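A short worksheet on the structure shown next.
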Amino acid sequence: MTKILVLYYSLHGNTRQLARHISRGIEQVDGCEAVLRTVAEIATITTTTQTVTALNTTDPIVSHHDLKQCAAIAMGSPVRFGNMAAPLKHFLDTTSGEWLSGTLIGKPACVFTSSSSLHGGQETTLQSMMLPLLHHGMLIVGTPYSEPLLHTTSHGGTPYGASHINHGISKQLHPDEIALAQAIGRRLATIASKLNG
């Protein structure tokens, strides 16, 4: 099986929903398996006695072993001032060992995000997640305009990666967002499968 790590941080559940749909897209490709993982919360000065765990999830916390075992990574975070959330960045900051050993070189990766407003910084957040992946030597996979929904959607979905816009009333993903999330999952899995031979 070609194992594809779907790594995310989600505080309110929207990014987690995207992760689930990307995983469904991955598993539509023969011989590919999605491995869902999240990152631990990080303690702040005001919560130093708080246990550092993942919030609102049943998915396991990612380990460095998961990076070694995967053939590709889909990585997601909610928008935080046009950037990825601190817990995901904190985990990435611990991957110097993988960078030194070249663990992720040549593996494909895609990114995904969610925000509470249309102009909340989705594209810069997606790009901010690409930067450490490029430093690791990964191959960035986007959503090509051969996906017809990219031409018509007024919801989430970009050529940089899957996305969700929470329009306030309903936190549910729009059908366009679901379709584009599954499409990038399939594309990532297809490329990973080909690279694995």
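Keep in mind the model is a prediction, meaning the values are calculated, not measured.
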Contacts under 3.5 angstrom, residues 185-197 side chains, donor-acceptor by atom type, not counting sequence neighbours:
residue: R186; atom: NH1; partner: Q28; partner atom: OE1; Å: 2.8
residue: R187; atom: NH1; partner: G142; partner atom: O; Å: 2.6
residue: T190; atom: OG1; partner: R186; partner atom: O; Å: 2.8

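The side chain to side chain donor-acceptor pair (under 3.5 Å) analysis of residues 125-144, with sequence neighbours excluded, yields the pairs N83-S128, T95-H136. Here ring-ring contact (aromatic ring centres under 6.0 Å, His included) pairs that include residues 175-195, with residues two or more places apart or in two chains, number zero. Pairs of residues two or more places apart, or lying in two chains, that qualify as ring-ring contact (aromatic ring centres under 6.0 Å, His included) and include a residue from residues 139-162 are Y145-H151, H155-H167, H155-H174. For residues 78-92, the set of pairs meeting the salt bridge (Lys or Arg N to Asp or Glu O under 4.0 Å) definition, not counting sequence neighbours, comprises K89-D93.
Judged by distance alone, with hydrogens and angles left aside, the side-chain atoms of K3 form no donor-acceptor pair with the main-chain N or O of A34 at under 3.5 Å. A donor-acceptor pair under 3.5 Å links the side-chain atoms of K107 to the main chain of L67, judged by distance alone. Between the side chain of T38 and the backbone N or O of Y8 there is at least one donor-acceptor pair closer than 3.5 Å. In terms of modelled atom types and a separation under 3.5 Å, the side chain of T15 and the main chain of S10 share no donor-acceptor contact. E177 places a side-chain N or O within donor-acceptor distance of the main-chain N or O of G156, the cut-off being under 3.5 Å. The closest donor-acceptor contact from the side chain of T153 to the backbone of L149 lies at 3.5 Å or more, if one exists at all.
The two residues A74 and I22 come nearest to each other via the heavy atoms CB-CG2, 4.0 Å. Among all heavy-atom pairs drawn from L139 and G106, the shortest one is CD1-O, 3.4 Å. Nearest heavy atom pair, residue A71 against residue P108, reads O-CD, 3.4 Å. The two residues M84 and P132 make their nearest non-hydrogen contact at CE-CG, 4.1 Å. Between Q122 and S115 the shortest heavy-atom distance is NE2-OG, 3.0 Å. Here the closest non-hydrogen pair linking C110 and I184 is CB-CD1, 3.7 Å.
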Item to check | From CA spacing to verdict: side chain to side chain contact (heavy atoms under 4.5 Å, CB included), H164, T113 | outcome: CA-CA 7 Å; H164 165 65; T113 192; over 6 Å; no

Next on the checklist: Between Q172 and Q17, is the side chain to side chain contact (heavy atoms under 4.5 Å, CB included) condition met? List the steps.
Outcome noted: CA-CA 8 Å; Q172 296 302 310; Q17 286 184 64; 3.7 Å; yes

Checklist entry - Could you walk me through whether F112 and V6 pass the side chain to side chain contact (heavy atoms under 4.5 Å, CB included) check? => result CA-CA 10 Å; F112 57 100; V6 182; 4.2 Å; yes

Next on the checklist: Assess the residue pair E147 and L180 against the criterion (side chain to side chain contact (heavy atoms under 4.5 Å, CB included)); give the C-alpha distance rounded to whole Å, side-chain angles, the decisive distance to 0.1 Å, and a yes or no.
Outcome noted: CA-CA 8 Å; E147 288 296 332; L180 288 167; 4.1 Å; yes

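Applying the side-chain contact (heavy atoms from CB on, under 4.5 Å) rule to L134 yields the partners I140; only residues at least two apart in sequence or on another chain are considered. Under the rule for a ring-ring contact (aromatic ring centres under 6.0 Å, His included), the partners of H64 that lie at least two apart in sequence or sit in another chain are F91. Here E98 pairs with nothing under the salt bridge (Lys or Arg N to Asp or Glu O under 4.0 Å) rule; sequence neighbours left out. With sequence neighbours left out, P87 forms a side-chain contact (heavy atoms from CB on, under 4.5 Å) with Y9, V39, E41, I42, A85. T152 meets the side chain to side chain donor-acceptor pair (under 3.5 Å) test with no other residue; sequence neighbours excluded.
Between I73 and M138, the closest side-chain pair of non-hydrogen atoms falls below 4.5 Å. Proximity of R24 to H21: side-chain heavy atoms (C-beta onward) are separated by under 4.5 Å at one or more points. Contact check for H12 versus P78: no side-chain heavy atoms found under the 4.5 Å cut-off. Here the side chains of I26 and T2 are not in contact, with every heavy-atom distance at 4.5 Å or above.
Side-chain contacts under 4.5 Å among hydrophobic residues (ILVMFWY), followed directly or transitively, place V79 with no other residue at all. When hydrophobic side chains of Ile, Leu, Val, Met, Phe, Trp and Tyr are connected at separations under 4.5 Å, M1 ends up as a singleton with no cluster partners.
Residues W99 and M130 are members of separate hydrophobic clusters, defined by side-chain heavy-atom contacts under 4.5 angstrom among Ile, Leu, Val, Met, Phe, Trp and Tyr. There is a path of hydrophobic side-chain contacts, each under 4.5 Å, that joins L11 to V111.
With rounding to the nearest 0.5 angstrom, the CG atom of L36 is 8.5 Å from the CG atom of L5. To the nearest 0.5 Å, atom CD1 of residue I165 and atom OG of residue S117 are 8.0 Å apart. Taking CG from L126 and OG1 from T124, the interatomic distance works out to 8.0 Å, rounded to the nearest 0.5 Å. One distance of note links SG of C70 with CD of E33; it measures 12.0 Å at 0.5 Å rounding. Between atom CG of residue L92 and atom CG of residue L133 there is a gap of 7.0 Å, rounded to the nearest 0.5 Å.
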